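Each ligand, and each atom within it, is numbered from 1 in the order the structure gives. Note that this is a predicted model, so its numbers are computed, not measured.
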Amino acid sequence: MKFLIINGPNINLLGLREPQIYGTQNYASLCSLVRNACKELDIECELFQSNHEGAIVDKIQDAYQNFDGIVINPAAYTHTSIAILDALKAVGVPTVEVHISDVSRREDFRQISYVSKVAIKTIMGQGIDGYRQAIEYLNEYLSK
Ligand code: DQA
């Protein structure tokens, strides 16, 4: 099995970025957590991070027939991007949405998630461990 792990804008600044909300672990730590979680389940993975909406759309399009599952934290694009929603709908690759923080307890403008409309599950407020939970969930879902 092969998973694509997508992170949106400013996730590359983890550790530096509002550590009281996003924690002190950096993007490199997130990448090794993801690689280890996939390795334990014998899953191949590719990690992709971009600050650009169109680049994320291109990557989702490339996932068609190339990946079995997607784990995505669209970051701020969660709350604005119909283009990312449409790309996920177009390729039909099972997708789990992750947020490091608990967006349900934050500002009003974070209460909308377009990606939630297509995601088979949303994990939030678990810190970077949420990515491991997403990988495990996707693995179980696809193994059924
Ligand atoms: C985030 C939550 C978003 O509202 C925010 O814009 C982010 C990160 C999270 O992981 O908690 O950049 O997706």
**OP:** Give the C-alpha distance, both sets of side-chain angles, the deciding distance and a yes or no for side-chain hydrogen bond (donor to acceptor under 3.5 Å, both in side chains) between Y131 and N73.
**Re:** CA-CA 9 Å; Y131 290 82; N73 181 351; 3.1 Å; yes
Subject >> pair Y77-L85: side-chain heavy atoms closer than 4.5 Å >> reply: no
Original post:
Exactly which residues line ligand 1, taking a heavy atom under 4.0 Å from it as the test?
Top reply: R17, Y22, N73, A75, A76, H79, H99, I100, S101, V103, R110
Original post:
Side chains of E97 and S113: donor-acceptor distance under 3.5 Å anywhere?
Top reply: yes
Original post:
Under the salt bridge (Lys or Arg N to Asp or Glu O under 4.0 Å) test, which residues partner R35, sequence neighbours left out?
Top reply: none
**OP:** Answer yes or no: is there a side-chain heavy-atom contact under 4.5 Å between V71 and L4?
**Re:** no
Original post:
Between N7 and L30, is any pair of side-chain heavy atoms under 4.5 Å apart?
Top reply: yes
